[in-house]
Structures are given as C-alpha cells and as structure tokens.
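Both backbone and side-chain heavy atoms feed into the values below; hydrogens, waters and symmetry mates do not. None of these values were measured; they are calculated from a predicted model.
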Amino acid sequence: MQTETLKLATQRRSIYALGKNVNASEDEVASVIKEAVRQAPTAFNSQTTRAVIAFGDSHDKVWDIVMETLRKIVPAESFASTEEKVNSFKAAFGTVLLFTDTDAVADLKENFPLYADNFDDFAEQGIGLATQNIWTVLAENKIGASNQHYNPLIDKAVQDAFGVPANWHLRSEMPFGSIEAPAGDKDFMDDADRFKVLK
C-alpha cells in the first residue's frame, strides 16, 4: 500500500525550538495554511473552523498577551520558567489561532435538531482535522510547529487586540517557524492496549 501520507504524519512533531529562518514568504505560508483548513473534512460539510494567521508584530502581540495574562496569575517566584516557555513561542515566525464559529454551530443545531447534541463535538473534530492538516503541511515544508492552549485565559484580550468576532471561540494557538532543534524520541503505547482488528 502507498504510505506517503504516513511518512508526512511521522515527520509532523511538536517542535519547541522555533526560529524565524523560514525560506518561504509570509504569503506562501498563509496560502498553504488556508488551503489546509479548507480541505479539512467537517461533519455535514459545516466548515465551522476559523483561523487567524499572525506574522510580525501581530505574532509578537499574541505572545505578549499570553505573557501579560500569565504574569497576573503565576507566582512571581516561579515565573522565570513560564517566561522562558512563552518567549520560545514568540521566537517563532508566526502563529495560527484556531477558532470555532459558535454561530455556525448554533445554526446547525437548529437546522438538524436530531443531531443537535453532537455538533459541539463535531466542531471539535473539525478543529482537530484542520490542526492536523496545517501541522503536516508545515512539516512537509520543513517548518516546525506545536499546538498550545492558553485559551480561555487569553480569549477576550485576543478578541480585542485583533478584532475577532465575538462568535469565534478560541480553541488553540499554533506557533510555527524554522526548526532550531529537532523533537525528541516519541514513545508509543502497546498495540494490544490500543487496537482491535476484527475479521
């Protein structure tokens, strides 16, 4: 069987040592990220995922917001490690902010009442598939990334800073950039605990 997709999936790792040494232009990177989101499947073709792709000062602002937010809640005596971590994300080339459009989800619940209880889960699946697509296409182009979750702590500040609609619900933040150090080894649980193949 063909395994090119699996090779790309294996190449996709959580890269934490990120830099700004990306050979592609901001427009080229934005273009592949948009297409990755477009091509991610969603239940009922609902297309509930939204994305803000931040470069330059806007990228820096994302991580300034994270830093300022955490500084208010993390004890000062233990803030140094938090500051180092956030600065590692700020050192990246850009950030994708991924959102769910809650108005779109509400419309689906109204239009398909039999499935209403499932549409929040379907939207989360859509975010996951879009995230996987983005992460993989970046990895294919030798751009590292990781997926962070400072939401909901930063939701309001992000909304105010970037004019994000109130119905866009922040789900994750993905800093991306040049790979300054590779990911470590990855361990896998035993197949017997994870899979059943029925014939």
Side-chain angles (χ1 to χ4, degrees), residues 4-16 18 20 22-63 65-66 89 92-109 111-112 115 118-152 154-155 157-159 161-179:
E4 191 61 33
T5 300
L6 290 177
K7 289 177 186 174
L8 291 174
T10 301
Q11 191 175 327
R12 182 225 54 81
R13 297 294 308 280
S14 291
I15 305 295
Y16 295 104
L18 297 169
K20 300 187 186 299
V22 172
N23 293 326
S25 71
E26 292 176 355
D27 286 345
E28 289 172 321
V29 174
S31 179
V32 298
I33 290 171
K34 289 177 187 177
E35 191 62 16
V37 173
R38 252 186 232 111
Q39 295 303 329
T42 53
F44 292 68
N45 192 31
S46 53
Q47 302 178 49
T48 51
T49 302
R50 306 289 179 263
V52 171
I53 307 163
F55 298 100
D57 291 343
S58 295
H59 158 76
D60 289 347
K61 181 65 175 175
V62 171
W63 299 105
I65 288 170
V66 172
F89 303 140
F93 183 66
T95 300
V96 185
L97 302 172
L98 287 161
F99 302 81
T100 293
D101 185 337
T102 57
D103 283 358
V105 174
D107 287 345
L108 289 161
K109 290 177 179 180
N111 292 328
F112 301 97
Y115 297 93
N118 296 318
F119 280 113
D120 291 312
D121 290 339
F122 291 163
E124 285 296 285
Q125 292 168 8
I127 284 277
L129 290 161
T131 300
Q132 176 73 12
N133 276 7
I134 295 166
W135 213 336
T136 303
V137 76
L138 291 175
E140 182 181 14
N141 286 281
K142 307 295 189 267
I143 298 173
S146 68
N147 203 35
Q148 304 303 315
H149 300 90
Y150 291 101
N151 47 290
I154 64 170
D155 289 16
V158 165
Q159 182 183 341
F162 302 114
V164 175
N167 55 296
W168 288 21
H169 181 47
L170 183 61
R171 306 308 299 135
S172 68
E173 309 84 42
M174 180 182 285
F176 60 87
S178 54
I179 300 171

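By the side chain to side chain contact (heavy atoms under 4.5 Å, CB included) test, N45 is found to be paired with T42, Q47, residues two or more places apart in sequence or in another chain being considered. The salt bridge (Lys or Arg N to Asp or Glu O under 4.0 Å) test applied to K20 returns no partner, not counting sequence neighbours. A search for side chain to side chain contact (heavy atoms under 4.5 Å, CB included) contacts involving K34 returns R38, I53, not counting sequence neighbours. For Y16, there are no ring-ring contact (aromatic ring centres under 6.0 Å, His included) partners, not counting sequence neighbours. Remark: S31 pairs with no residue by the side chain to side chain contact (heavy atoms under 4.5 Å, CB included) rule, at least two apart or across chains. Listed by chain and residue number, W135, L138, M174, F176 satisfy the side chain to side chain contact (heavy atoms under 4.5 Å, CB included) test with A145 (two or more places apart in sequence, or in another chain). In this structure, Q125 has no side-chain hydrogen bond (donor to acceptor under 3.5 Å, both in side chains) partners at least two apart in sequence or on a different chain. Legend: residues meeting ring-ring contact (aromatic ring centres under 6.0 Å, His included) with F122, ordered by chain and number and at least two apart, are F119. Not a single side-chain hydrogen bond (donor to acceptor under 3.5 Å, both in side chains) links E140 to another residue, sequence neighbours left out. In this structure, the side-chain hydrogen bond (donor to acceptor under 3.5 Å, both in side chains) partners of S25, at least two apart in sequence or on a different chain, are E28.
Separation of atoms CG (L170) and NE2 (H149) is listed at 9.0 Å; rounding is to 0.5 Å. Rounding to the nearest 0.5 angstrom, the gap separating the OG1 atom in T131 from the CG atom in N147 is 5.0 Å. Here CD1 of I134 is found 11.0 Å from CG of L129. Values are rounded to the nearest 0.5 Å. For the atom pair NE2 of H59 and CG of L97, the computed distance is 10.5 Å after rounding to the nearest 0.5 Å. Note that CZ of F93 is 9.5 Å distant from CG of N23, once rounded to the nearest 0.5 Å. With rounding to the nearest 0.5 angstrom, the CD1 atom of I15 is 9.0 Å from the OG atom of S146.
Minimum interatomic distance between T48 and A104 (heavy atoms only, all atoms of both residues): CG2-CB, 4.0 Å. Nearest approach of A139 to R12, heavy atoms of both residues: CB-CA, 3.8 Å. Taking both residues in full, the closest heavy atoms of V105 and A123 are given as CG2-CB, 3.9 Å, listed atom of the first, atom of the second, then distance. When all heavy atoms are compared, the tightest approach of A157 to I65 is CB-CG2, 3.5 Å. Of all the heavy atoms in F89 and P175, the pair that sits closest is CD2-CG, 3.7 Å. Across all their heavy atoms, A36 and N133 have their closest contact at O-ND2, 3.0 Å.
Sequence neighbours left out, the pairs with a member in residues 41-61 that pass salt bridge (Lys or Arg N to Asp or Glu O under 4.0 Å) are R50-D101. For residues 167-176, the pairs satisfying salt bridge (Lys or Arg N to Asp or Glu O under 4.0 Å) are E124-R171, with sequence neighbours left out.
Counting only distance, with no hydrogens or angles, the side chain of D155 and the backbone of N151 share no donor-acceptor pair below 3.5 Å.
The one candidate from V158, I127, T49 that meets the side-chain contact (heavy atoms from CB on, under 4.5 Å) condition with F99 is V158.
Other residues, nucleotides and ligands contribute at most 12 non-hydrogen atoms within 6.0 Å of the OH atom of Y115.
Under the 3.5 Å distance criterion, with hydrogens and angles disregarded, no donor-acceptor pair is assigned to the side chains of H169 and T100.
Annotation: side chain of V52 is in contact with side chain of W168 (closest heavy-atom distance under 4.5 Å).
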